[in-house]
Number of protein chains: 2
Amino acid sequence: MTMSNTGGRRRPPTIHDVAREAGVSRGTVSRVLNGGHYVSPAAQEAVNAAIRKTGYVVNRHARSLITGRSDSVGFLLTEPQERFFEDPNFNVLLRGCTQALAAHDIPLLLMIAGTEDERRRITRYITAGHVDGVLLVSSHSGDPVAEQLREAGVPLVACGKPIGLGSKVSYVAADDRDGARDMVRHLLSLGRRRVGTVTGPLDTPGGVERLAGYREVLAEAGVPYDDNLVVSGDYSRASGEAGAERLLDQAPDVDAVFVASDLMAQGVLTALHRAGRRVPEDVAVGGFDDSPAAVAASPELTTIRQPWDRISNEMVRVLLAQIGGEDPAAVILPTELVRRASA
Amino acid sequence: MTMSNTGGRRRPPTIHDVAREAGVSRGTVSRVLNGGHYVSPAAQEAVNAAIRKTGYVVNRHARSLITGRSDSVGFLLTEPQERFFEDPNFNVLLRGCTQALAAHDIPLLLMIAGTEDERRRITRYITAGHVDGVLLVSSHSGDPVAEQLREAGVPLVACGKPIGLGSKVSYVAADDRDGARDMVRHLLSLGRRRVGTVTGPLDTPGGVERLAGYREVLAEAGVPYDDNLVVSGDYSRASGEAGAERLLDQAPDVDAVFVASDLMAQGVLTALHRAGRRVPEDVAVGGFDDSPAAVAASPELTTIRQPWDRISNEMVRVLLAQIGGEDPAAVILPTELVRRASA
DNA sequence: TTCTCTACTGTGAACGCTCACAGAAGCATT
DNA sequence: AATGCTTCTGTGAGCGTTCACAGTAGAGAA
């Protein structure tokens with residue numbers, strides 16, 4: 001605990017100081033620092049003692065200069081704006097990734113590429129090798145940054161299957177389709193037959209997959225597909241509200257709604273309430289995400305939990321593997337139905 | 001736009017390549033890179049052209065190695081856990097800081113020090129000089145990390161006035177007391193006389209100041225102070241709900257509640273609704289933050305807007321000034337009353 | 001002319017680390 | 001004894017910058 005830093009606040013100890021203190025050479029200290037192979041137990045011990053005594057911390061800049069690695073990764077958001085604030089998933093993802101990386105002693109650089117200008121600057125920064133890899137959070141397709149990074153050979157892991165890109169980019173995603181299937185099956189099991197849906201944006205993988213799951217289950221159950229029961233939203237609360245109104249208008253006999261996000265489901269609840277429909281008695285409502293919004297809603301939302309903690313862990317694992325030279329990989333994780341009051 | 005990177009994906013251009021291309025020396029290129037003083041217009045031009053042609057990007061590690069600066073700053077959270085998820089302010093603060101820093105081409109490193117272990121590692125990392133300064137987000141007092149960083153002479157700017165520390169630490173805060181005064185004055189102006197409050201945690205500056213504002217205005221208005229009208233929460237939704245129940249119990253004639261955060265106000269609304277009180281007819285409710293929760297609530301919350309965009313900008317400005325050698329400074333920014341349906 | 005001053009430019013030496021290499025032991029095999 | 005191995009250790013070189021310093025050239029003053 002005691003740093004022998006007596007007096008001068010100047011000049012932190014270097015590997016040289018440690019070497020002198022331990023009575024060995026720089027090389028040996030360096031070897032201890034990097035895994036301790038080919039180091040005698042005695043030297044090992046002496047070096048560790050010297051490190052403790054001097055309070056030595058490796059200078060990452062010097063290391064990076066020679067290794068060419070930066071030992072840091074970027075967390076890149078390419079969303080326009082709103083999603084960042086509205087979407088609670090970002091938080092838990094960001095937190096999860098930060099901590100998973102911290103376990104490897106790798107700092108996370110937060111990068112937000114909203115405007116064209118920011119995009120250019122950040123692409124430059126990344127391709128210049130200032131980070132070893134990138135965790136990409138961008139739901140919409142046709143993301144030019146992702147494409148550029150992929151071409152530049154930057155290790156990359158996306159959150160959710162990127163639509164535009166080829167198959168050579170890693171991603172980690174929850175099993176959206178299966179989650180949707182679970183929810184719709186649940187609604188059917190409650191005896192509902194006029195099951196509507198408010199989809200996510202259909203240029204996002206989540207939006208597409210959840211809708212696909214919805215249709216599959218209805219088809220399997222022999223429930224006829226009705227266009228009037230399908231409206232689309234953009235994951236925002238307001239769009240959920242508008243969607244529900246359209247739904248009530250087009251199909252007044254709707255008795256259940258599968259909503260592709262909890263936030264939209266909040267909006268749906270508002271609209272249903274205003275229309276005098278009781279939830280879940282008249283209309284059962286199922287959300288998606290299991291975000292804080294789900295328990296904040298009244299009644300509390302039955303929803304699909306996405307395993308965000310696992311997702312962030314996997315993203316980091318796959319990224320580090322890729323930085324280590326492994327090939328890209330796709331990881332799909334199962335979801336879970338969480339039953340609450342709304343269905 | 002065209003990077004003449006034909007063929008070899010190897011070895012990015014160095015300052016040397018640029019110098020050769022421009023027909024000048026490393027020194028001149030370096031001077032152009034660092035402000036262009038003592039460089040002839042001709043050389044300036046030639047170097048810029050060479051930079052464009054080669055696609056050169058400065059190697060920050062090499063630069064940092066010699067300058068001793070890292071040209072990056074840390075964004076440090078020392079909250080236990082929950083706040084990070086629950087508090088929408090974090091998001092906008094984080095985003096604001098990232099972008100304000102991006103304007104200076106400075107990356108932001110996200111650091112989360114939840115456990116004792118993480119705290120130690122991060123303190124070490126920071127004091128080793130891997131970041132030039134720290135933006136500190138920690139509401140609770142007695143934060144050991146802040147104290148250690150201050151002692152180590154690390155440039156530091158806190159968000160909100162740190163309770164435990166001396167006056168020698170910079171901070172940027174909204175004028176909590178004045179905001180509370182505005183809100184309570186507003187409630188009184190509606191004719192309410194039994195104005196209760198659900199405070200924030202009283203070991204946070206926000207909690208203390210908002211309560212102080214509440215008491216001041218009541219005193220000024222000659223409304224007698226009643227202990228039964230004051231309950232405390234922890235900024236969480238649940239604590240707001242519990243607080244409102246206690247309030248209704250202790251002072252059934254309450255006709256207005258000033259709640260120290262929107263999230264708690266949501267809980268208050270739930271409890272009032274359950275108790276059969278109408279908002280705002282029976283009980284007017286005022287929140288604090290103007291977070292997304294304010295418009296998500298029904299009825300929409302009258303609240304106090306904190307100028308988060310300005311707060312983040314100021315935090316960055318003060319931090320950079322401090323890194324540049326200036327003395328610590330405190331900045332207090334005005335709040336704004338936002339009238340909606342709940343009061 | 002000669003000197004001084006200013007504006008500009010080039011050059012070696014760091015910065016703190018890792019890497020490749022050379023060597024020194026110790027031990028077993030020829 | 002000579003040779004191979006394996007394990008361990010020290011030493012120079014160099015990563016790409018910036019910085020201090022030593023120059024050079026040109027303008028103006030003595």
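It should be emphasised that the depicted structure is a prediction, and the values quoted were computed from it without experimental measurement. Here is the naming used below: chain letters follow the sequence lines, and residue numbers restart at 1 for every chain.
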Residues from residues 63-70 of chain B lying under 4.0 Å of DNA chain C - heavy atoms: B:L65, B:I66
Which ones in residues 27-49 of chain A lie close to DNA chain C, meaning a heavy atom under 4.0 Å from one of its atoms? A:S30, A:N34
How long is the line joining CZ of A:R26 and P of C:dT18, in whole Å? 10 Å
Taking 5' to 3' order, which nucleotide of DNA chain D is first and which is last to have an atom within less than 4.0 Å of a heavy atom in chain B? D:dG16 to D:dT18
What residues, two or more places apart in sequence or in another chain, satisfy side-chain hydrogen bond (donor to acceptor under 3.5 Å, both in side chains) together with B:R317? B:E314
Residues in ring pair (Phe, Tyr, Trp, His ring centres under 6.0 Å) with A:Y56, at least two apart? none
At their closest point, which heavy atom of [X] faces which heavy atom of [Y], and how far apart are they?
{"X": "A:R60", "Y": "A:D105", "value": "NH2-O, 2.8 Å"}
{"X": "A:P205", "Y": "A:K161", "value": "CG-O, 3.0 Å"}
{"X": "A:Y171", "Y": "A:G160", "value": "CB-O, 3.6 Å"}
{"X": "B:P13", "Y": "B:D17", "value": "CA-OD2, 3.2 Å"}

Just so I know, are the side chains of B:I126 and B:L76 near enough to count as touching, which here means a heavy-atom distance under 4.5 Å? yes
Find out whether B:H130 and B:L109 are in side-chain contact, i.e. whether some heavy atom of one side chain is under 4.5 Å from a heavy atom of the other. no
Scan for side-chain hydrogen bond (donor to acceptor under 3.5 Å, both in side chains) pairs involving residues 320-332 of chain B, sequence neighbours excluded, and state none if there are none. B:S170-B:Q322
Within the 4.0 Å heavy-atom criterion, would you say A:R60 contacts the bases, only the backbone, or no part of the nucleic acid? nothing
Identify which one of A:V134, A:V318, A:V145, A:L319 satisfies the side-chain contact (heavy atoms from CB on, under 4.5 Å) criterion when paired with A:L156. A:V134
